[in-house]
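So that the names make sense, note that chain A is the first sequence line, chain B the second, and so on, each numbered from 1. On a predicted model such as this, the values are computed, not experimentally measured, just so you know.
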Number of protein chains: 2
Amino acid sequence: MGRPTVTDIAREAGVSLATVDRVLNARPGVRAKTIAAVQEAVARLGYVRDMAAANLARGRSTRVAILLPDTESQFIQTLEDALAQAAALASSARMQVDLLRYPAADLHRLTAMLADLAAGGISGVALMAPETPLVRDALRALHAAGIPVVAMVSALPNCGAAHYVGIDSHAAGRTAGVLMGRFLGGRTPRVMVIAQSMLLRDSIERRRGFDAVMLADFPGVTVGQTLETHGVTQTLHQVMRESLRSDGPVGGIYLLGSGHRALAQVLSELGLLGQVVVIGHELTPHTISALRAGWLDAVIAQNVGHVARSTLRVLQAKADHQPINESQERLRLEIILRENLPQAL
Amino acid sequence: MGRPTVTDIAREAGVSLATVDRVLNARPGVRAKTIAAVQEAVARLGYVRDMAAANLARGRSTRVAILLPDTESQFIQTLEDALAQAAALASSARMQVDLLRYPAADLHRLTAMLADLAAGGISGVALMAPETPLVRDALRALHAAGIPVVAMVSALPNCGAAHYVGIDSHAAGRTAGVLMGRFLGGRTPRVMVIAQSMLLRDSIERRRGFDAVMLADFPGVTVGQTLETHGVTQTLHQVMRESLRSDGPVGGIYLLGSGHRALAQVLSELGLLGQVVVIGHELTPHTISALRAGWLDAVIAQNVGHVARSTLRVLQAKADHQPINESQERLRLEIILRENLPQAL
DNA sequence: TCATTTTTGAGGTACGCACATCAAAACGGC
DNA sequence: GCCGTTTTGATGTGCGTACCTCAAAAATGA
């Protein structure tokens, strides 16, 4: 005998198929006593709904939208690629994924897109976005409309019941701190922290985690304030020179966001390439080659493939009104050295 | 319009449903020209078989067996738990998993079990086993019978076309080496390597990877030969005392396999707990508490949850004669510090 | 050209479930 | 016990695919 089916449940509970169907799908018109009897039979036989057959019968192909900023960051591109790949696979499980980009500088446009989606009868939305009041309101509206929302990579608390798929940024910063502290060894106990900007929630949290560990576990190390580059190599060069001049040499550099390529260039110009410990975030073609080259010592990352698949699974589960397997969806914070670089991206 | 179905293919190719069915399922009695026409239509419409409906129609519930040694290791237990959990989830996708244990000391029994399974009409086998001629022959027989085999955690090359699910042990050893070298800092540049036994393939490979890195990147560090404990705390105590007496103090200890609890006890007795850098393998309740306690500095691990799910996915794909998504199945080698310990196991 | 074989078409049933309809039964109030 | 309401049963259809049978058509060989 294989798995029990609705027919088995009906026989076991002494009711008809129609009644079992009503109970399983929470349709009205069933006495509480009968509901209990059916549920008892379900429990006794260990019945689990065959979601494949159920969705097949529903003829429903879940349709979801995923929104990413149009930033020209390698990480965003990597994430989009992963999402596209996961979406291709998901299509064989009757799920259609619309990958969209919104102008990072125009959040009004983002909210407009979200409104359109809500009107267009989408069954779920995932996005990576900054947490502004504008965005928050738009997401709350989606939630009110019964459309599940998933926040990727950067958390969006207080935005309805948005599920977060991504790593704990504070822990990521702490991990970067421990590695920095231990890798410094006998080098100059001074660390420079560099970021493109401090507007994004995850950068702020990373910095906080980093500081917490440095303060507690490596009190002998001086950590400078965050140098913002705004993505301009020239600025990076300038602020680094200035910092080196005013505060003296450094033994380590912590790169909060992207900008590895520019950093390599400037470090090379300053004759520091390979001389200082550098710790960064996220696995992209740039960071991979930097790790291989040896001037980048460690990267704290999240597996974008897992982010993508988890996002789709969560959206699917929410659309099916099914519980989410938390332990499966919990993302690991990964430490990548040259030695454990994935063979292929 | 949703996804194309067999009916669409039939219309597009100008043939009947029956012919499409024959082509898709590689049934005989179709001209090469007709096959090409159907395949062309499949390609043009971007048809992907709905595996849910296909398996539903087949009425087939894939049944696989998973064999683990009956060793009382926390890692094996953790792995079994993960497999059981994954199996529970897989059951809702019409797959039945039989979790079996074989006596680690009696490989004849293992081969007998494998033979029984082959006779019992199983559609796939996954196992974690040493690579002996006996096992190799049994697996080759399975392969000859058309039953796919998956090796978990410890690779089984030359055993038919067994798929390997697990991390690269050599890379794991290399990673342990890098961390050891960098974490040693100003400590005594001497490292002790401890193992329960060196019979298992992965222990040997780890040791090799570790040595390679130490030799190349940290030539100032002396690495002792592997001390075998055979799982006896008494022996561990003895060999460690002896090594310390004859070769002097150590700054680090590399634990190749399990035995973290015993090591904690002995280190504590020797007054070395927390004084030396300790690097180990695999995430288990013991290693987790050791990381939390602070005397274990890093663990090189593979995510048992991923091992379990990947194993089941590979078995499912092989049973369905479907290609395996290599990039999804590639396991990451994880570095775990206290800072990035998963919140819950 | 005819007989034979190969290839194709048409149609049905089944898988496990969702969803709809209509009639029958049980229940409730009075 | 009557009536109206609520609850239940019986039955049907469809989702996309697999697999089966039988007949018709086409290709092949002599």
(message) Between C1' on C/dG16 and CD1 on A/Ile9, what's the gap in Å once rounded to a whole number?
(response) 12 Å
(message) It should be established whether B/Arg22 places a side-chain nitrogen or oxygen under 4.0 Å from OP1 or OP2 of nucleotide C/dT8.
(response) no
(request) Using atom NZ of A/Lys33 as one end and atom C1' of D/dT8 as the other, report the distance to the nearest whole Å. (result) 13 Å
(request) Nearest whole angstrom, please: distance from the C1' of D/dC19 to the CG of B/Leu17. (result) 13 Å
(request) Would you check if A/Val307 and A/Ile167 make a side-chain contact, meaning some heavy-atom pair closer than 4.5 Å? (result) no
(message) Would you say A/Thr19 places a side-chain N or O within less than 4.0 Å of OP1 or OP2 belonging to D/dG9?
(response) yes
(request) State plainly whether the residues B/Arg330 and B/Glu326 are in salt-bridge range, i.e. N to O under 4.0 Å. (result) no
(message) Nearest to the side chain of B/Val15, heavy atoms from C-beta on, is which of C/dC17, C/dG9, D/dG9?
(response) C/dG9
(request) May I ask you to check whether A/Gln302 and A/Glu282 show a side-chain donor-acceptor distance below 3.5 Å? (result) yes
(message) Judged by each residue's nearest nucleotide on DNA chain D, which is more toward the 5′ side, B/Ala18 or B/Tyr47?
(response) B/Tyr47
(message) I need the CD1-C1' distance between A/Ile35 and D/dT7, as an integer number of Å.
(response) 11 Å
(request) Check whether the side chains of B/Asp81 and B/Gln77 place a donor and an acceptor atom closer than 3.5 Å, and report yes or no. (result) yes
(message) From CG of B/Asn25 over to P of D/dA18, roughly how many Å is that when rounded to an integer?
(response) 4 Å
(message) Whether B/Arg31 contacts C/dT6 is assessed here as follows: a side-chain N or O lying under 4.0 Å from the phosphate OP1 or OP2. Is that the case?
(response) no
(request) To the nearest Å, give me how far apart CZ (B/Arg11) and P (C/dA10) are. (result) 14 Å
(request) Find the distance A/Asp21:CG to C/dG16:C1' and express it as a whole number of Å. (result) 12 Å
(message) I want to verify a distance call: between D/dG9, D/dT7, C/dT8, whose nearest atom is closest to the A/Ser16 side chain?
(response) D/dG9
